[in-house]
**Q** 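Before anything else, here's the structure in question.
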Amino acid sequence: MISVLLFGPVAERARVSMLQFEHRSGLTLQQLRDELAASHPQAFEIVCFTAVNGEQARDPQLPLKDGDEVAFMARFSGG
Amino acid sequence: MISVLLFGPVAERARVSMLQFEHRSGLTLQQLRDELAASHPQAFEIVCFTAVNGEQARDPQLPLKDGDEVAFMARFSGG
Amino acid sequence: MQDVKEAVRIQMEDFSQDEEIRALRASSKRIGGIATFLGCARDFSEDREVTQLGFEAYGSMALAEMNRLRDEAIIRFGLLDARIVHRIGTIEAGGQIVFIAAGAEHRGPAFDACRWMIDELKQRVPIWKKEVSPQGDSWVTPHP
Amino acid sequence: MQDVKEAVRIQMEDFSQDEEIRALRASSKRIGGIATFLGCARDFSEDREVTQLGFEAYGSMALAEMNRLRDEAIIRFGLLDARIVHRIGTIEAGGQIVFIAAGAEHRGPAFDACRWMIDELKQRVPIWKKEVSPQGDSWVTPHP
C-alpha cells in the first residue's frame, strides 16, 4: 500500500485527506499522480509540490516502494 | 545663571556633573565652552555634541540667556 | 533545563515572547542583539473582513524543514542561537501565528537572519492557511 | 487602558516583551507583522570580560529624541505602531538593555523600520555606556 496524504486546499477539493493506494511493481510517482488526478481533477489542478516520505520529490520517474508515504501539496501559505 | 550639565565620560573626566555659570550680557555658546574647557581640558577633549535647553546646538555664536541649560556631551554610546 | 521548550515547534497553543527570549538568552551570554519577527492574524484580507484563520501543516515534514531552516540560518549568518514557533489550528483575528528569533553577537546578522528565516519559511514549510469570514471559508492559494 | 505603559520609555526596571507586544497589538488589528530588536549586555568587549554595564542618559533630551524617532519611523515606514524602551542604571551581563518594536501591515516595512530605529537611536539619543570589568570601569567612547 502507498499512503497518499492531502492537506488544506487540496484535501478540501478532493474531499479526502488520506487515501490508501494499492502498490504495484514498477509504479512511478508520475503514474500515481496521473491516476489520482483522473479521479480528483479539481484537487490536482492546484498541486505544486510532491513529497515522498517527507522529502520533496522532483523526479516524476521516481519508483515508489510498498509502504511509501506520498503527499501532493498546494503552494504553501504558512507564516 | 547658566546650568551646565555633563554626563558619563565627560562628567567623569571633569569630576563634576553639574555647574552653575554666572550669566553675563552677550555670552555665546563658544565663550562658555572655551572658559569651561580651560578649567576642564581633559573633559572637553571628548565633547562632540552641545545642547541648549535639550535641543542640539550647532551654532557656536548662539547667544545664551540667563537660565539656559547647556549640556556638553561625548559621543553617544546607548543602545 | 527541564522547563525550556524545543527551539523549533509546531503547536496549537499560543506562545510567550518572554519565554522564547529567555530560552534564547540562556544559550549564550555572548548575544548582543536579538531580532524577532511575529506574524499576526489581521482582521481583513483584500478588503474582506476576516474573523479567524485556520492553519494546517504536514506536521512531520514541516517540523523537519523548520529545523533545517534554523540550522542553515545559524551557519549562514553566524548566529549564536535561533528559535521558530508556528501555530496550527484556529487563530482569532489579532492573534499570534508565527514567531522567529535570531540571536547574534551584533545586530546586523540578527536582523538579516530573522528576515531570511521568515522569507524561507513561507517558501519552504508545508503549512496552509484558511481565511474564515462572514462570507464563508477559503483556503489561501498564493499564485506563483 | 490604565495598565498600558507609554510607548517610549527610559527606565531602571527590566521590561517584558510580552507586555510590550500586547500593547502594540492592542493598537490595531490590521498589524500583520511585528519586527523587534532586543539589545543585550554581552559578557565581553574586545576580549575583555565585562561583568556589568552602566547606562546614564540626559533624561529629558533622550526621551524627547526617542519620541521624535518613533514619530519619524511611523511616518517614514507607514507603521501602525511602534515602541522604544531603554534601560539606565546597572545591568548585569546577559541582561536586557533596549527594546524596539515596529508593527506594520506587512513584514518588509516592519523590519526596515525596526532596524532604522536602532541605528538612529545609537546616533541620536544622548545615552552613555560604562563597562564594568574585573580590571576596572570604563566609559565607552566610540570614535567618529
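Every chain is numbered from 1 and lettered A, B, ... according to where its sequence line falls, protein lines coming before strand lines.
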**Q** Which atoms of C/Glu20 are under 4.5 Å from chain D, going by heavy atoms: the side chain, the backbone, both sets, or neither?
**A** neither
**Q** Against chain D, label C/Phe44 side chain, backbone, both or neither, depending on which of its atoms sit under 4.5 Å from a heavy atom there.
**A** side chain
**Q** Using the ring centroid of each side chain, check whether C/Phe111 and D/Phe111 are separated by less than 6.0 Å.
**A** no
**Q** I need the D/Cys40 SG to C/Leu80 CG distance, nearest 0.5 Å.
**A** 10.5 Å
**Q** Less than 4.5 Å to any heavy atom of chain C: does that hold for the side chain of D/Arg107, its backbone, both, or neither?
**A** both
**Q** Name the member of D/Ala93, D/Gly103, D/Gly39 that forms the most heavy-atom pairs with chain C at distances under 4.5 Å.
**A** D/Ala93
**Q** Under a 4.5 Å heavy-atom cut-off, does chain C meet the side chain of D/Ala102, its backbone, both or neither?
**A** neither
**Q** May I ask you to name which of D/Ile21, D/Ile97, D/Ile100 has the most heavy-atom pairs under 4.5 Å with chain C?
**A** D/Ile21
**Q** Keeping the roles fixed (side chain from D/Asp18, backbone from C/Ser16), state whether a donor-acceptor pair exists under 3.5 Å.
**A** no
**Q** Are C/Gln17 and D/Thr36 packed together at the side-chain level, in the sense that at least one heavy-atom pair is separated by less than 4.5 angstrom?
**A** no
**Q** Any heavy-atom pair between the side chains of C/Arg42 and D/Ile31 that's under 4.5 Å?
**A** no
**Q** Name the region of C/Ala110, side chain, backbone, both or neither, that has any atom closer than 4.5 Å to a heavy atom of chain D.
**A** neither
**Q** Look at C/Lys29, C/Glu105, C/Gln96 and state which one has the largest set of heavy-atom pairs under 4.5 Å with chain D.
**A** C/Lys29
**Q** Side chains of D/Asp112 and C/Arg115, heavy atoms from C-beta outward: is any pair under 4.5 Å?
**A** yes
**Q** CD of C/Glu6: more than 12 outside heavy atoms within 6.0 angstrom?
**A** no
